[in-house]
Enquirer: 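One structure coming up, written as structure tokens, with questions to follow.
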Amino acid sequence: MALRIYNTLTRTKEEFRPVREGRVGIYFCGMTVQDRPHVGHMRAFITGDIVWRYLEFKGYDVFYLTNFTDIDDKIIMKSKDEGIDWRMLAERNIEEFFKAANLMNLKPATHYPRATNHIQEIIEMVEAIMANGFAYESNGNVYFEVEKFAGYGKLSGKKLKDLIAGARVEPDPNKRHPADFALWKAHKPGEPYWHSPWGKGRPGWHIECSAMSTHYLGQPFDIHGGGTDLIFPHHENEIAQAEAARGVKFVNFWIHNEMLNLKGEKMSKSTGLFFAIIDVLEHYDPNAVRLYLLKSHYRSPIDYSEERLNEAQSAWSNFVEFFSKLPKELPEINLSDPSLAKWVKAFEDAMDDDFNTPKALAVAFELLSEANRLFTAGDESFAAHAALLKMLLEVLGFRVETGAQALGQFVDDLLELIVEVRSELRKERRYDLADKIRDRLGSLGVLLEDTPEGTIWKLSGRR
RNA sequence: GGCGGCGUAGCCAAGUGGCUAAGGCGACGGUUUGCAAAACCGUUAUUCCCGGGUUCGAAUCCCGGCGCCGCCUCCA
């Protein structure tokens, strides 16, 4: 089976082939850390997480990078507004990112490069671009000259004359062409700066990603991802920079996730319309949030909606219910068993088709039904099905716990005692007391279920 | 103005030329239960925004409408 990925560069699904056999280099655009990470960012990071996990499932050795752009105009502005050091602002938001990433079970990247740690690589790339005649200096600024780069617009499908017609580019006397963009910005009083061949200054936006991605992954590398809002100008400019500097193709596959919208408007920092992911996780299980994001395909827009989140929470609880009644240890999975292999094939067929997570989840839900049927029928093969289901959910990045949630031996013992006493009461048909116990425990977040095999308890997830 | 996307059940959402139009949420009925919960079984789109066309055959392709959205400026 071959993985096919929709490549923004060609606007078609292409069979994935890595530059080097068995290995994959991925650069997924991270945040410009001027503000708190929100649910829209999380959608992008989940997209990258799925790409990584699935490639690893397919047997690839993955080198995965997510950057922090920790110096740019917005960060400087924001830090001035708040009256704090720009480094503090960046650090605060980076910390919150890691907290959210951990809660959401994002696989930690192989490396998290920061723009301010790669000024040397950035300067070298700017020099290479200039040496090749694609950039010019003007009053301590260095600009990329878009008219010199023939391939400009190949990712976004834009034409230079249309860009001028848009006329939203601010006229700048330093620029030769309105669409030229800054590789290096001359120092202004009160702003951070680094020394460069063009005097004091700082990198422009875009150059850090070209410099850092190729520094770690080489050129060309396999996969570059991010939100659709980055296609132009950010990724278009990254291509121009890297290819002008080195004269070889920058990236083979471009993956872009669609936006998460809020009441029809994009959730973004500039509009002030956003929900910080950390705040959302106060109310929702991370697995439910992940399910909410994965039940739509990554290339379709999603509306942010608490109704949808509640729906996902209900859907996820079906898995929780199932796994909580299983033993902690599940059997080894034998994939050559045909009764299991057909599920893996259905899952792979779905994921191979441009990471079709809604379809892959449908397979997971059907497998859940099958496993429940086997469980109810007392068929011992249910455990093998459960183990497979756990594995598939983990490929999709869910955290799956089996057995009753561990609260410590003491609590387990107490609950066991209560359940035992209540069972005695039920035998004596004293249902008023038995129901009272169940109700009171329920309000404490402990659910009791009377099954033919005895009473089991579990946590409701809301305490 | 330029470029791109979308419209499938009450809601969300796969499917993009041919098996009974996935799956989830919700709702309703049944089995089970002291009552619940959970689980299982069943029902919930003769039809895919509307109108034409191509085809033996279309939700899927083409043309024309209507409606919604994104990008073109900082953004995941």
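Each chain gets a letter, A, B and so on, in the order its sequence line appears, and its residues count up from 1.
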Enquirer: Under a 3.5 Å threshold, yes or no: a donor from one side chain and an acceptor from the other, between A:Thr228 and A:His256?
Expert: no
Enquirer: Name the nucleic acid region contacted by A:Glu366, choosing base, sugar-phosphate or nothing; use a 4.0 angstrom heavy-atom cut-off, strictly under.
Expert: sugar-phosphate
Enquirer: Would you mind listing every salt bridge (Lys or Arg N to Asp or Glu O under 4.0 Å) that reaches into residues 356-366 of chain A, with sequence neighbours excluded?
Expert: none
Enquirer: State which of B:G23, B:C74, B:A39 makes the closest approach to the side chain of A:Asn372.
Expert: B:A39
Enquirer: Just wondering, more than 12 heavy atoms not from A:Glu82 lying within 6.0 Å of its CD?
Expert: yes
Enquirer: Could you list all the salt bridge (Lys or Arg N to Asp or Glu O under 4.0 Å) pairs where at least one residue sits in residues 283-296 of chain A, not counting sequence neighbours?
Expert: A:Asp49-A:Arg290, A:Lys295-A:Glu311
Enquirer: In whole angstroms, how far is the C1' atom of B:G24 from the CG atom of A:Leu393?
Expert: 14 Å
Enquirer: Return the value, rounded to whole Å, for the distance between atom CZ of A:Arg308 and atom P of B:C11.
Expert: 10 Å
Enquirer: Indicate whether the side chain of A:His187 and that of A:Glu191 have a donor and an acceptor atom separated by less than 3.5 Å.
Expert: no
Enquirer: Expressed in whole Å, how much space separates the P atoms belonging to B:A22 and B:U43?
Expert: 12 Å
Enquirer: Applying a 3.5 Å limit to both distances, which nucleotide forms a Watson-Crick or G-U wobble pair with B:A21?
Expert: none
Enquirer: Among B:A39, B:G23, B:C25, which nucleotide has an atom closest to any side-chain atom of A:Lys325?
Expert: B:A39
Enquirer: Could you please name the option among B:G4, B:G23, B:C71 that lies closest to any side-chain atom of A:Lys158?
Expert: B:C71
Enquirer: Would you kindly give the CG-to-C1' distance between A:Asn261 and B:G5, to the nearest whole Å?
Expert: 12 Å
Enquirer: Could you pull out the protein-nucleic contacts involving nucleotides 27-31 of chain B (nitrogen or oxygen on both sides, under 3.5 Å)?
Expert:
none

Enquirer: Looking at B:C40, which nucleotide sits across from it as a Watson-Crick or G-U wobble partner, both distances under 3.5 angstrom, or is there none?
Expert: B:G30
Enquirer: Is it true that A:Tyr27 and A:Asp222 share a donor-acceptor pair across their side chains at a distance under 3.5 Å?
Expert: no
Enquirer: Would one find more than 12 heavy atoms of other residues, nucleotides or ligands at under 6.0 Å from atom CD of A:Glu380?
Expert: no
Enquirer: Decide whether A:Ser300 and A:Glu258 meet the rule of one side-chain donor and one side-chain acceptor closer than 3.5 Å.
Expert: no
Enquirer: Which part of the nucleic acid does A:Ser369 contact within heavy-atom distance under 4.0 Å: base, sugar-phosphate only, or nothing?
Expert: sugar-phosphate
Enquirer: Of the nucleotides B:C72, B:A39, B:G4, which one has an atom closest to the side chain of A:Phe232?
Expert: B:C72
Enquirer: For the residue pair A:Ser210 and A:Glu238, confirm or rule out a side-chain donor-acceptor distance under 3.5 Å.
Expert: no
Enquirer: Using both distances under 3.5 Å as the test, list the Watson-Crick or G-U wobble partner of B:G1, or none.
Expert: B:C72
Enquirer: Both distances below 3.5 Å, Watson-Crick or wobble geometry, any strand: find the nucleotide opposite B:G67.
Expert: B:C6
Enquirer: Whole-Å distance between B:G23 P and A:Trp343 CH2?
Expert: 10 Å
Enquirer: Where the side chain of A:Glu449 is defined as all heavy atoms beyond and including C-beta, which of B:G70, B:A38, B:C72 is the nearest nucleotide?
Expert: B:A38
Enquirer: A:Glu145: which residues meet the side-chain hydrogen bond (donor to acceptor under 3.5 Å, both in side chains) condition with it, sequence neighbours left out?
Expert: A:Lys148, A:Arg176
Enquirer: So which nucleotide does B:A59 pair with, by the Watson-Crick or G-U wobble rule with both distances under 3.5 Å?
Expert: none
Enquirer: Under a 3.5 Å threshold, yes or no: a donor from one side chain and an acceptor from the other, between A:Asn372 and A:Lys325?
Expert: yes
Enquirer: Under a 3.5 Å cut-off for both distances, is B:A45 Watson-Crick or wobble paired, and to whom?
Expert: none
Enquirer: Do you know the tightest heavy-atom contact between A:Gly25 and A:Leu217?
Expert: CA-CD2, 3.9 Å
Enquirer: What is the nucleic acid contact for A:Gly30, judged by heavy atoms within less than 4.0 Å: base, sugar-phosphate only, or nothing?
Expert: sugar-phosphate
Enquirer: Counting side-chain heavy atoms from CB outward, which of B:A22, B:C11, B:G2 is closest to A:Glu311?
Expert: B:C11
Enquirer: Taking A:Arg422 as the fixed residue, which of A:Leu433, A:Leu441, A:Asp450 is the one that meets the side chain to side chain contact (heavy atoms under 4.5 Å, CB included) rule?
Expert: A:Asp450
Enquirer: Using the 3.5 Å cut-off, write out each protein N or O paired with an N or O of nucleotides 33-35 of chain B and the distance between them.
Expert:
residue : atom : partner  : partner atom : Å
B:G34   : O6   : A:Arg426 : NE           : 3.2
B:G34   : N1   : A:Asp435 : OD1          : 3.1
B:G34   : N2   : A:Asp435 : OD2          : 2.8
B:C35   : O2   : A:Arg438 : NH2          : 2.9
B:C35   : N3   : A:Arg438 : NH1          : 3.2
B:C35   : N3   : A:Arg438 : NH2          : 3.2
B:C35   : N4   : A:Asp450 : OD2          : 3.3

Enquirer: Any protein N or O atoms within reach of nucleotides 13-17 of chain B? Criterion: under 3.5 Å, listing atom names and distances.
Expert:
residue : atom : partner  : partner atom : Å
B:A14   : OP1  : A:His297 : N            : 3.0
B:A14   : OP1  : A:Ser300 : OG           : 3.4
B:A14   : O3'  : A:Asn356 : ND2          : 3.2
B:G15   : OP1  : A:Asn356 : ND2          : 3.2

